[in-house]
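If you're wondering where the values come from, they're calculated on a predicted model, not measured in any experiment. Both counts, for ligands and for their atoms, begin at 1 and track the order of listing.
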Amino acid sequence: MEMEKLVALCKRRGFLFQSSEIYGGLQGFWDYGPLGVELKRNVREAWWHDMVTSQNELEVPEGAPSTFEMTGLDCTIIMHPQVWKCSGHYDLFHDYMIDCRETKSRYRYDQVQGRWAEAKGQRIFVATGFVGDEALEHTQQKALKFFKLRAKQADRLEWDGPLVSLTTIDDFSNVLGPDTKKLGTLTAPREFNLMFKTIVGALGSEDDTAYLRPETAQGIFVNFKNVLDSTRVRLPLGIAQIGKSFRNEITPRNFTFRSREFEQMEIEFFCHPDQSADWYKYWRDRRYKWYLDLGLAADKLILREHTPEELAHYSLGTADIEYAFPFMAEGEFGELEGVSHRGDFDLRSHIEGKLVREGDELVVEKNEKGKPKHRGSGKDLAYFDDLTKQRYVPHVIEPSAGADRATLAFLCEAYTEDEVPDDKGKLSSRVYMKFHPRLAPIKAAVFPLVKKDGMPEVAKEIYGAIKPHFAAFYDEKGAVGRRYRRQDEIGTPFCITVDGQTLEDGTVTFRDRDTLEQWRVKKEDCVEELRKRLMV
Ligand code: ATP
């Protein structure tokens with residue numbers, strides 16, 4: 001599937017718009033239109049239902065080490081600045097950027113690739129911001145231009161090795177930047193903190209600087225004690241939160257995949273250190289299965305365990321759930337969710353202060369005066385188990401998902417083209433969104449076959465009966481075939497048509513979006529039929 005087709009459909013049918021589009025848009029910000037908002041709500045609600053409200057703490061779910069509890073939280077976006085100092089975000093949450101002195105373009109260091117080319121006795125590194133085949137094509141064009149060769153002289157170019165990251169290059173003097181014609185225009189990489197700054201209060205001095213949260217997780221850690229003290233929950237316990245996060249990404253791109261404002265769905269799962277390895281495996285596998293159950297294809301979804309070199313210094317294990325988005329190069333995958341075994345790093349940071357690794361230990365980082373660099377809250381965030389009489393700082397497993405990335409993956413997966421017979425039985429191409437019924441923005445559309453003979457009245461009655469239960473759509477305009485296609489294109493699983501036979505025997509036609517199968521149902525049973533079919 002070409003991404004352009006999906007992007008066009010999303011705009012045309014009101015799934016996604018560029019933010020502030022009438023002013024030319026703002027890079028990295030996206031708005032959800034009337035159908036997009038329903039789709040994303042369904043993603044969030046499926047997650048909240050499956051992870052939080054449906055969790056039965058009296059039974060051991062399949063594959064889980066024991067019973068456990070789940071509860072939720074909704075924290076503020078702006079928190080005390082010390083939260084981000086102790087969590088490490090203030091010092092460490094950065095990417096490296098490079099600038100082009102010539103074009104003034106800015107790039108994320110690790111996203112620039114290139115390959116070595118030699119011609120006319122000169123060897124240069126040709127850089128590009130593209131990936132996969134597009135990167136090969138772009139570097140070829142750039143090298144030909146640089147060496148003043150024509151396309152048919154391409155064999156005079158010698159390529160030395162495959163595409164590699166710019167991070168493998170030490171000396172930039174022979175690098176041809178992604179958008180320039182000159183060598184050596186790229187600056188050395190510099191750190192760029194991704195947190196958005198803001199000022200709290202009317203005085204507005206630097207001391208009042210606060211940050212828009214770059215993740216929802218910290219709100220859960222700092223409320224851990226409040227949750228324990230105010231409810232009768234016991235460990236193992238998961239606390240879930242869905243909410244906006246903000247990252248000033250250097251190069252937002254690939255539709256909503258990398259945005260500057262996005263929504264996360266995060267769980268912090270607190271457990272006894274002796275059991276944390278088992279819980280890590282449980283959550284990793286359970287979260288992977290969640291995406292499969294909602295329709296992502298198994299051959300496009302991978303669970304990738306991080307290598308020891310990739311792990312953050314505090315992490316005892318991390319696995320990414322990754323999807324083969326259509327904008328990725330062949331064989332490459334993009335992160336949908338990270339599931340991480342974080343040990344006791346987070347709670348200890350908020351007790352003691354920002355931690356750093358010293359050998360096998362995590363210790364409080366000191367400043368030049370030998371005092372904690374970023375002081376913790378000093379509050380006791382340990383858990384006391386009144387059954388075993390044990391007191392301990394729990395370990396944490398963190399499944400951290402992006403609501404927008406998940407929504408984008410479901411949109412990509414749903415986009416389908418096929419050929420079906422039209423009104424006259426002639427094959428014609430159709431585009432339909434094969435959403436899982438739980439995610440479809442509209443569950444059923446109701447049509448009178450024609451706008452006469454009492455059909456609209458019956459159709460409106462059915463529509464009125466469905467509306468309190470399911471998102472539905474009423475349409476009496478145009479040929480019925482066209483109405484079907486319009487619903488297919490927004491992924492409505494079922495169309496219900498009131499036709500001549502309805503007036504005779506009180507049944508209506510149900511039509512399935514994917515199989516086009518049609519069957520008859522008594523008009524008063526429509527809600528029940530939908531309930532049965534949508535609960536797959
Ligand atoms: P990436 O490496 O792609 O920048 P990350 O590893 O920094 O992602 P996490 O910090 O683990 O991401 O965040 C958890 C989840 O939040 C990600 O798996 C993703 O679904 C979502 N997410 C993170 N950054 C963005 C973003 N800029 N736009 C949309 N979603 C995001």
Taking the six-membered ring of Tyr280, is the NZ or CZ of Arg284 close enough (under 6.0 Å from the centre) and on axis enough (within 45°)?
yes
Does any N or O atom in Ala401 lie less than 3.5 angstrom from one in ligand 1, N or O only?
no
How far is atom 4 (O) of ligand 1 from the closest protein heavy atom, and which atom is that?
Arg258 NH1, 2.8 Å
Would you say Arg108 and ligand 1 have an N/O pair spaced under 3.5 Å apart?
no
Is a donor from one side chain sitting under 3.5 angstrom from an acceptor on the other, for Glu215 and Ser400?
no
Looking only at protein heavy atoms, which one is nearest to atom 22 (N) of ligand 1, and how far off is it?
Phe262 CE1, 3.5 Å
Looking at Trp290, is Arg287 sitting on its ring face, NZ or CZ under 6.0 Å from the six-membered ring centre and within 45 degrees of the normal?
yes
So Leu301 and Leu336, side-chain contact (heavy atoms from CB on, under 4.5 Å) or not? Walk me through it.
CA-CA 9 Å; Leu301 194 68; Leu336 273 183; 3.9 Å; yes
Atoms of ligand 1 less than 4.0 Å from Gly402 heavy atoms?
20 (O), 21 (C)
Show me the side-chain donor-acceptor pairs of residues 76-84 shorter than 3.5 Å, one per line, residues at least two apart or across chains.
residue, atom, partner, partner atom, Å
Thr76, OG1, Ile78, O, 2.8
His80, ND1, Gln82, N, 3.0
Gln82, NE2, Arg375, O, 2.8

Which residue from Glu261, Glu322, Glu335, Met265 reaches closest to atom 18 (O) of ligand 1 through any of its heavy atoms?
Glu335
Distance-only criterion, 3.5 Å: show the donor-acceptor pairs between side-chain atoms of residues 30-38 and protein atoms not counting sequence neighbours.
residue, atom, partner, partner atom, Å
Trp30, NE1, Phe255, O, 3.2
Tyr32, OH, Asp404, OD2, 2.6

Starting from atom 29 (C) of ligand 1, find the nearest protein heavy-atom neighbour and note its residue, name and distance.
Phe257 O, 3.1 Å
Lys/Arg N to Asp/Glu carboxylate O, Arg108 vs Asp110, below 4.0 Å
yes
For Phe257, does the six-membered ring have the charged nitrogen or CZ of Arg405 within the cation-pi criterion, i.e. under 6.0 angstrom from the centroid and within 45° of the normal?
yes
Any heavy atom of Leu336 sitting closer than 4.0 Å to ligand 1?
yes
N/O to N/O below 3.5 Å, does that happen between Arg405 and ligand 1?
yes
Flag for Glu57-Thr67: side-chain donor and acceptor within less than 3.5 Å:
no
Identify the protein heavy atom lying closest to atom 14 (C) of ligand 1, giving its residue, its atom name and the separation to 0.1 Å.
Ser400 OG, 3.0 Å
Are Glu215 and ligand 1 in contact, using a heavy-atom cut-off of under 4.0 Å?
no
Could you find the nearest protein heavy atom to atom 7 (O) of ligand 1 and give me its residue, atom name and distance?
Arg247 NH1, 3.0 Å
Looking only at protein heavy atoms, what sits closest to atom 28 (N) of ligand 1 is Ser259 N, 3.0 Å
Is Gln264 touching ligand 1 with its side chain, its backbone, both, or neither, if touching means heavy atoms under 4.0 Å apart?
side chain
